[in-house]
Amino acid sequence: GAVVSQHPSWVICKSGTSVKIECRSLDFQATTMFWYRQFPKQSLMLMATSNEGSKATYEQGVEKDKFLINHASLTLSTLTVTSAHPEDSSFYICSASNRLDGYTFGSGTRLTVV
Amino acid sequence: GNSVTQMEGPVTLSEEAFLTINCTYTATGYPSLFWYVQYPGEGLQLLLKATKADDKGSNKGFEATYRKETTSFHLEKGSVQVSDSAVYFCALTNYGGSQGNLIFGKGTKLSVKP
C-alpha cells in the first residue's frame with residue numbers, strides 16, 4: 001500500500017536554531033502534500049498545502065517565513081522550522097494524497113525547543 | 001466553516017464491550033467523512049470512510065454510517081479488543097478525491113482493558 005516516511009520522529013533543538021522535517025512518499029508519487037500541527041489534546045490543524053514544483057499555500061495565521069515548505073520532487077516535501085522558539089514545540093504530521101484511499105500520513109515528528 | 005466535533009476522551013472499556021464514539025460535523029455541500037486511527041508510536045491510518053449520505057463504512061469490525069439528517073458519523077464496534085487501544089480521529093473533506101485537506105476532530109483516546 002501507499003507509505004509515507006516522515007523523519008525524524010522526534011527532535012530536540014535549542015531556541016534560535018532551525019529544524020528540517022522530511023516527508024517522503026515511498027511507493028507512489030504525491031503531487032500534493034499537507035502539513036499539519038497537533039497540540040496536546042487538540043485536533044490536527046492544517047498548516048499548509050504543498051504542491052510539487054510550486055509555492056506552498058499557507059493557512060491563515062501560519063507564518064510562511066517561519067515554516068518553510070519545499071516540495072521539489074514528487075516524492076519529497078520538507079518543512080523547515082526556522083529560528084525555532086519554545087512555542088513552536090509541537091507534533092508535526094505530513095500527509096500525501098494517493099489514489100487508493102485518498103490520504104496517507106507520516107508517523108509524525110515531535111519537536112521540542114529548549 | 002467546516003468543522004468536526006467528536007466526543008472527548010479518554011474512553012476506557014473492558015474487552016468485548018460495545019464501543020461508540022460520537023462524531024458530528026458542520027459542512028457546506030456534501031463532504032466525505034472518514035475515521036482515522038493512530039496506534040501508539042505510529043502515524044494515522046485510514047479506518048473507514050463514506051462519501052455520500054446513508055453510506056456505511058466498515059473495516060476490522062468497526063462501522064460508521066453517514067447520516068446527513070443528523071450530520072453525524074458515529075463510530076461503533078460490537079466487541080472491542082485490547083489491540084483496538086488507540087486514538088481515533090473523525091475527519092471530513094469537502095473536496096472530491098484526495099485533492100483537498102482533511103479537517104479533523106480532536107481525537108478520542110480509547111483504552112481497552114483485558
Side-chain angles (χ1 to χ4, degrees), chain A residues 1-10 21-26 28-52 56-62 69 77 91-110, chain B residues 1-11 21 23-26 31-52 55 57-60 62 64 86-110:
Chain A
V3 177
V4 169
S5 174
Q6 185 172 343
H7 177 81
S9 55
W10 60 272
I21 302 170
E22 294 188 348
C23 182
R24 293 180 184 271
S25 57
L26 298 185
F28 68 101
Q29 294 182 332
T31 55
T32 303
M33 288 191 176
F34 305 95
W35 286 95
Y36 293 87
R37 182 174 180 177
Q38 185 180 26
F39 293 99
K41 299 184 180 181
Q42 299 289 323
S43 64
L44 284 74
M45 301 300 296
L46 179 69
M47 297 175 66
T49 302
S50 73
N51 295 292
E52 185 267 337
T57 302
Y58 290 82
E59 294 300 298
Q60 191 172 8
V62 178
I69 291 173
S77 178
F91 192 61
Y92 295 88
I93 304 175
C94 68
S95 169
S97 58
N98 67 76
R99 296 181 183 178
L100 294 176
D101 53 26
Y103 305 89
T104 302
F105 286 82
S107 56
T109 299
R110 173 74 62 192
Chain B
N2 301 324
S3 66
V4 174
T5 303
Q6 64 181 102
M7 63 187 287
E8 301 254 348
V11 174
I21 300 178
C23 171
T24 56
Y25 67 90
T26 301
S32 294
L33 303 174
F34 305 80
W35 275 101
Y36 281 86
V37 57
Q38 186 176 30
Y39 297 103
E42 299 183 15
L44 275 74
Q45 302 173 26
L46 178 67
L47 181 59
L48 53 85
K49 68 177 181 180
T51 57
K52 61 182 187 296
D55 268 3
S58 62
N59 185 27
K60 299 181 181 180
F62 291 89
V87 180
Y88 293 81
F89 292 91
C90 186
L92 71 82
T93 182
N94 231 342
Y95 297 87
S98 58
Q99 298 309 306
N101 63 287
L102 288 164
I103 296 169
F104 289 89
K106 291 186 177 182
T108 302
K109 183 176 182 179
L110 170 66

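Letters go in sequence order (proteins before strands), and every chain restarts at 1.
- Only the side chain of Q38(A) comes within less than 4.5 Å of a heavy atom in chain B; its backbone stays farther off.
- In this structure, chain A has no heavy atom under 4.5 Å from any part of I103(B).
- Rounding to the nearest 0.5 Å gives a distance of 6.0 Å between CE of M7(B) and OG1 of T108(B).
- The contact between L44(A) and chain B is made by backbone and side chain atoms together, counting heavy-atom distances below 4.5 Å.
- Residue F39(A) does not touch chain B at all, counting heavy-atom pairs closer than 4.5 Å.
- The residue among G106(A), S107(A), S95(A), A96(A) with the most heavy atom pairs within less than 4.5 Å of chain B is S107(A).
- Classification of the F89(B)-F104(B) ring pair by plane angle, with boundaries at 30° and 60°, yields perpendicular.
- Only the side chain of Q38(B) has a heavy atom closer than 4.5 Å to any heavy atom of chain A.
- Side chain of E59(A) to main chain of M47(A): no donor-acceptor pair is present (N/O by atom type, distance under 3.5 Å, no hydrogens or angles).
- Taking the side chain as every heavy atom from C-beta outward, C23(A) and W35(A) approach each other to under 4.5 Å.
- With Y103(A) as the fixed residue, the side-chain contact (heavy atoms from CB on, under 4.5 Å) test singles out one of L44(B), T93(B), N101(B), L46(B): T93(B).
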